[in-house]
Amino acid sequence: MNKEHQRRILLLILLFLLTAGPVNAGWFDNKEEKLLIEAKEQLEKERQNAEIWQLRASALAIGCVSLLIVGTILGSHTRRAHARRTQASSPHE
């Protein structure tokens, strides 16, 4: 390449850079980027809310299972005690 050819290329590059409009880096313009950020924040809040409800539901499930076990044990003891009383009060053969 000769010097004249290099100067023309340099002049074309400079002309292009001077006439080009403002460019933002990224895929989206500012308006779309703000919408994406808002959507991301909303999804994060919903995820945190879902985690709280998962913890509450898990605690409720554990409580229900515990009450079922306690109720079964109490029912078993009551049934055995009633069976002993009815055997003791019935006449022996």
[atom1]/[X] to [atom2]/[Y] distance, rounded to the nearest 0.5 angstrom?
X   : Y   : atom1 : atom2 : value
R79 : R84 : CZ    : CZ    : 10.5 Å
L67 : L74 : CG    : CG    : 10.5 Å
L10 : L14 : CG    : CG    : 4.5 Å
I9  : R7  : CD1   : CZ    : 13.0 Å
Q6  : E4  : CD    : CD    : 10.5 Å

With a 4.5 Å limit on heavy-atom distance, are the side chains of L11 and L15 in contact?
no
Using atom types as modelled, flag every donor-acceptor pair under 3.5 Å from a side chain in residues 45-61 to any protein atom, sequence neighbours excluded.
from: E46; atom 1: OE2; to: Q42; atom 2: NE2; distance (Å): 3.4
from: R47; atom 1: NH1; to: E51; atom 2: OE2; distance (Å): 2.4
from: R47; atom 1: NH2; to: E44; atom 2: OE2; distance (Å): 2.4
from: N49; atom 1: OD1; to: W53; atom 2: NE1; distance (Å): 3.4
from: S58; atom 1: OG; to: Q54; atom 2: O; distance (Å): 2.8

Stepwise salt bridge (Lys or Arg N to Asp or Glu O under 4.0 Å) check, K34 with E38:
CA-CA 6 Å; K34 287 179 185 177; E38 289 175 7; over 6 Å; no
Are I73 and V65 connected into the same hydrophobic cluster when the rule is that any two of I, L, V, M, F, W, Y join if their side-chain heavy atoms are below 4.5 Å apart?
yes
Closest heavy-atom pair, T72 versus L68, reported as atoms and distance to 0.1 Å, is OG1-O, 2.7 Å
